[in-house]
Amino acid sequence: MQTGTALIYDEEMTKYKLLWVDPACKIEVPERLTVSHEALVKNGLVDRCVSVPVREATDADILLVHSEEYLEAVKKTPFMTLEDLMEFTQQYGDVYFHPNIYHCAKLAAGAALQLVDNVMTGKVRNGMALVRPPGHHSMRSAANGFCVFNNVSIAAQYAKQKHGVERVLIVDWDVHHGQGVQYCFEDDPSVLYFSWHRYEHQKFWPQLRESDYDCVGKAKGAGFNINVPWNKVGMQNTDYLSVFFHVLLPVAYEFCPDLVLVCAGFDAAIGDPEGEMCATPDIFAHLTHLLMNLADGKVCAVLEGGYNLTSLAQSVCQTFQTLLGDPTPLPVNLDGPCQSALESVHCVRSAQKPYWSCLKHAADLPTFELSTKRIKVVEEEERTEKVEEEKNTEEIVWPDPPKRVSPCVRTAVVLPDGVDCPDGCKRFTDLHPDPLLGKKLENILKDSNDSDALSTLSSLTALIEKMETNKICNGLVLVRDVSMAMMCVVQHAASLNKRALIVCVANEAIPIDLTDDGKTIMVHFSSKESEEQKGKYYIPVCLKKGCSDTSGIMQAVLGLVLPLGYQYNPDLVLLVRMPDCRISESVWQQLIGILQGLAQEHTLVLMQENEKASVTPSASTLLGNPAPRLGPLQGPQSDDVEALERLRQKLQSDWTLLQTTAPDSR
Ligand SMILES: CC(O)(O)NCCCCN
Ligand SMILES: [Zn+2]
């Protein structure tokens, strides 16, 4: 299994800066790179990465995206006088040139190519390049928005041409719209470009009509360009996650990319003068994690923006820690998305509905949107250039990101004799069995002197306690009676006053009645509608074709289990696979991989002892290896989607992160 996280950085890229007065450009300073790199050093992250050297992009590399005349013009800038540089800069928007910026722009693009080479040839699993000048605004023949060459666009073309990559997903979480990337690939179905960006109904820079949600790509590229406009500032963690759960991830899994490139701009974080958003740096740990089970984990992040030196450095560290496999931090009290974010999610899903089967049941455009479309045209004339008043974001403060400590044992296993312990795992037995356990479990145990059942259950309960004290990250247990073991875990977690999210894949009803105290939530995948109501914390997901239905399971995991799980914020995730369910191994691994974003990766996998063949693949994902790709997903069964919608409608008043449509409140 491929491991290793590349860090690509060279201090040469700090050696250019703004040489004259220009309020729009003064925030793009060399210190952006130095504070980021110093934070990585301070947190011991540089030593844990594979340092990969930069290289200069060649003319041929740059010409993958840019025109010869533009490249030739930029080549002249090192020899220009200050006056010439200022005059040369005039022709472009919100960007500046410097005698050394051409050199640095070649290094920034070359760094992205080095990252792609090392990931695609398997030298590392993933990585991030810390570069400047950034890239996503630069166009075929124009510099723009501090960008000279379009680093990520060049990397995408390079990956296709040199490594035969067929499908590239570009995730642009920078707070600005990377119009340069959109223009480059808008008619190209092999590159799916996703961007969210501060928009404020076209009032925010670069004030482009084509940054809105209804610009979905052109010709063969229709559907392969996804714009999520933020029409208000102050977006929070929950808004970002809502877009990942209900827009990006379902489409990304359907697209099934061979490679994921990230335009990793951190001006989407709190404190940034450009974004004026409120998402905290730890959100990038989750955004990164949610991408890491795509493309067999081949994720290449390239720095774009990020102008608050504190939140930038913190966000960079959060991203690297997740790329390195450290447990994700607990997502603190997420309430649902704000009304404006919900409108954007609603509009994007309906605009993209014709192109993606995972969205074929999405709601149509809200009626107010149709009416305001006309109003916006009227505003077009009235739009006055929003004067970029000096934003004073200095006084904004936020808590330091939580420490993310990897337990000394990553994956513990409790296996029957004769089943080998997978590499990297640690066999676990309970050294101090609780003599009263039989008594405590008598309501569950059929006969309390069944010694090896008792020993398995005592290992199980001891394992849970080791996870709660963060001695062990996650665990895999094979048992004879899965239902009984599940009830034992539920009871024990409750006795520890720990919240448990149970995801149970089975093919028919299961004998469990949940307490109604909310300490335990169960999502039960099955092929039969369960008639009896088992309380509001029991959530039956019925799939007509049962658990062999990959699309059905993934639709429910991304659109229901994840949002609900993130909002519930459990201390423990229990993944139960009933003996008879026919879930495919790779979907099972995706389930394990995706849900590790919760509960600081305290996932307990429970299977029947005859599932020996699943021990190694399940353990591999628990160890942090990416789950295998599922292949491009077909559409889910219509009646399953309708059942899921009904379920969502029923639950979303309690679990607001499940919402995908804005109430027609206008
Ligand atoms: C890379 C970037 O997206 O952060 N550049 C932002 C330029 C803003 C100009 N007003
Ligand atoms: Zn930006």
Side-chain angles (χ1 to χ4, degrees), residues 8-22 24-26 28-30 32-33 52-117 129-162 176 178-185 206 261 263 300 302-305:
I8 306 187
Y9 169 76
D10 190 299
E11 69 164 0
E12 178 61 22
M13 288 182 277
T14 66
K15 297 194 168 81
Y16 79 91
K17 62 182 181 181
L18 181 57
L19 295 175
W20 52 79
V21 174
D22 177 352
C25 293
K26 66 181 276 212
E28 207 296 306
V29 295
R32 297 178 55 235
L33 285 198
V52 169
V54 293
R55 74 167 169 86
E56 287 193 354
T58 64
D59 287 8
D61 296 329
I62 294 162
L63 294 173
L64 286 170
V65 166
H66 297 284
S67 65
E68 293 212 12
E69 53 275 4
Y70 177 61
L71 176 54
E72 291 315 309
V74 174
K75 276 185 177 175
K76 297 188 175 73
T77 55
F79 316 105
M80 286 183 182
T81 64
L82 186 61
E83 286 68 27
D84 292 349
L85 282 170
M86 290 175 79
E87 199 214 324
F88 182 78
T89 296
Q90 287 312 311
Q91 62 188 310
Y92 305 120
D94 283 11
V95 63
Y96 63 88
F97 278 82
H98 176 282
N100 197 34
I101 198 169
Y102 169 54
H103 181 209
C104 296
K106 283 188 287 182
L107 292 176
L113 304 182
Q114 286 286 83
L115 184 52
V116 167
D117 278 340
L130 294 181
V131 303
R132 65 186 280 272
H136 69 155
H137 296 300
S138 63
M139 292 159 268
R140 180 168 161 69
S141 299
N144 179 266
F146 316 149
C147 305
V148 175
F149 298 138
N150 202 313
N151 308 319
V152 170
S153 295
I154 293 168
Q157 296 292 36
Y158 179 84
K160 286 168 63 179
Q161 184 192 76
K162 176 170 179 194
H176 298 92
Q179 83 278 30
V181 185
Q182 172 166 311
Y183 298 153
C184 186
F185 300 110
L261 301 180
C263 286
C300 299
V302 181
L303 180 67
E304 292 282 357

Arg55 and Tyr158 have their tightest heavy-atom pair at NH2-OH, 3.5 Å
With a 4.5 Å cut-off on side-chain heavy atoms, are Leu303 and Arg32 touching? yes
Check your understanding: Is there a donor in the side chain of Gln179 and an acceptor in the side chain of Asn144, or the other way round, less than 3.5 Å apart?
Key -> yes
| task | List the steps and the verdict of side-chain contact (heavy atoms from CB on, under 4.5 Å) for Phe149 and Val74. | result | CA-CA 10 Å; Phe149 298 138; Val74 174; 4.0 Å; yes
Quick note, salt bridge (Lys or Arg N to Asp or Glu O under 4.0 Å) partners involving residues 82-101, not counting sequence neighbours, are none
Smallest heavy-atom separation, Pro133 atom then Val148 atom, equals CG-CG2, 4.2 Å
Taking the side chain as every heavy atom from C-beta outward, state whether Pro134 and Cys147 have any pair of such atoms under 4.5 Å apart. yes
task: Let me see the working for Glu72 and Ser67 under side-chain contact (heavy atoms from CB on, under 4.5 Å), right down to the final yes or no.
output: CA-CA 9 Å; Glu72 291 315 309; Ser67 65; over 6 Å; no
From the list Glu28, Lys26, Lys17, side chain to side chain donor-acceptor pair (under 3.5 Å) with Tyr96 holds only for Glu28
* **Backbone of Pro53 reached by a side-chain donor or acceptor of Gln114 within 3.5 Å** => yes
Practice item. Could you walk me through whether Tyr70 and Met139 pass side-chain contact (heavy atoms from CB on, under 4.5 Å), step by step? Key: CA-CA 10 Å; Tyr70 177 61; Met139 292 159 268; over 6 Å; no
Rounded to the nearest 0.5 angstrom, the CG-CZ distance for Leu107 and Arg132 is 12.0 Å
Review point. Are Asn100 and Glu12 close enough that a side-chain donor and a side-chain acceptor fall under 3.5 Å?
Key: yes
Here the gap from Leu71 atom CG to Lys76 atom NZ, rounded to the nearest 0.5 Å, amounts to 9.5 Å
Spell out, as yes or no, whether a donor-acceptor pair under 3.5 Å connects the side chain of Glu304 to the backbone of His136. yes
When every non-hydrogen atom of Ile154 is compared with those of Leu64, the smallest separation belongs to O-CD1, 4.1 Å
Query raised in the report: Under 4.5 Å between any side-chain heavy atoms of Val302 and Leu261, yes or no?
Result: no
Of Val21, Val29, Asp22, the one forming a side-chain contact (heavy atoms from CB on, under 4.5 Å) with Cys25 is Asp22
Measure the shortest side-chain to side-chain distance between Leu33 and Glu11 over non-hydrogen atoms and say whether it is less than 4.5 angstrom. no
Original post:
How about Glu69: does its CD atom have over 12 heavy atoms from other parts shown lying under 6.0 Å from it?
Top reply: yes
Are Trp20 and Leu85 side-chain neighbours, meaning at least one heavy-atom pair lies under 4.5 Å? yes
- Task: Would you mind checking if Lys106 and Asp61 are paired as a salt bridge, meaning a charged N to carboxylate O distance below 4.0 Å?
- Result: no
Ring pair (Phe, Tyr, Trp, His ring centres under 6.0 Å) test vs Phe97 passes for just one of Phe146, Phe88, Tyr102, namely Phe88
In terms of heavy-atom contacts, Tyr16 and Pro30 come closest through O-CG, 3.4 Å
Please work out which of the three classes, parallel, tilted or perpendicular, describes the rings of His137 and His176, given edges at 30° and 60°. perpendicular
Self-check item: NZ/NE/NH1/NH2 to OD/OE distance under 4.0 Å, Lys15 and Asp10
Solution: no
### Task
Under the side-chain contact (heavy atoms from CB on, under 4.5 Å) rule, what do Thr77 and Met80 come out as? Steps first, then yes or no, please.
CA-CA 5 Å; Thr77 55; Met80 286 183 182; 3.9 Å; yes
Heavy-atom closest pair (Gly180 atom, Asn150 atom, distance to 0.1 Å) is C-ND2, 3.4 Å
The reported gap from CD in Glu56 to CD1 in Ile62 (rounded to nearest 0.5 angstrom) is 8.5 Å
On a heavy-atom basis, the closest approach of Val116 and Ala159 is CG1-CB, 3.9 Å
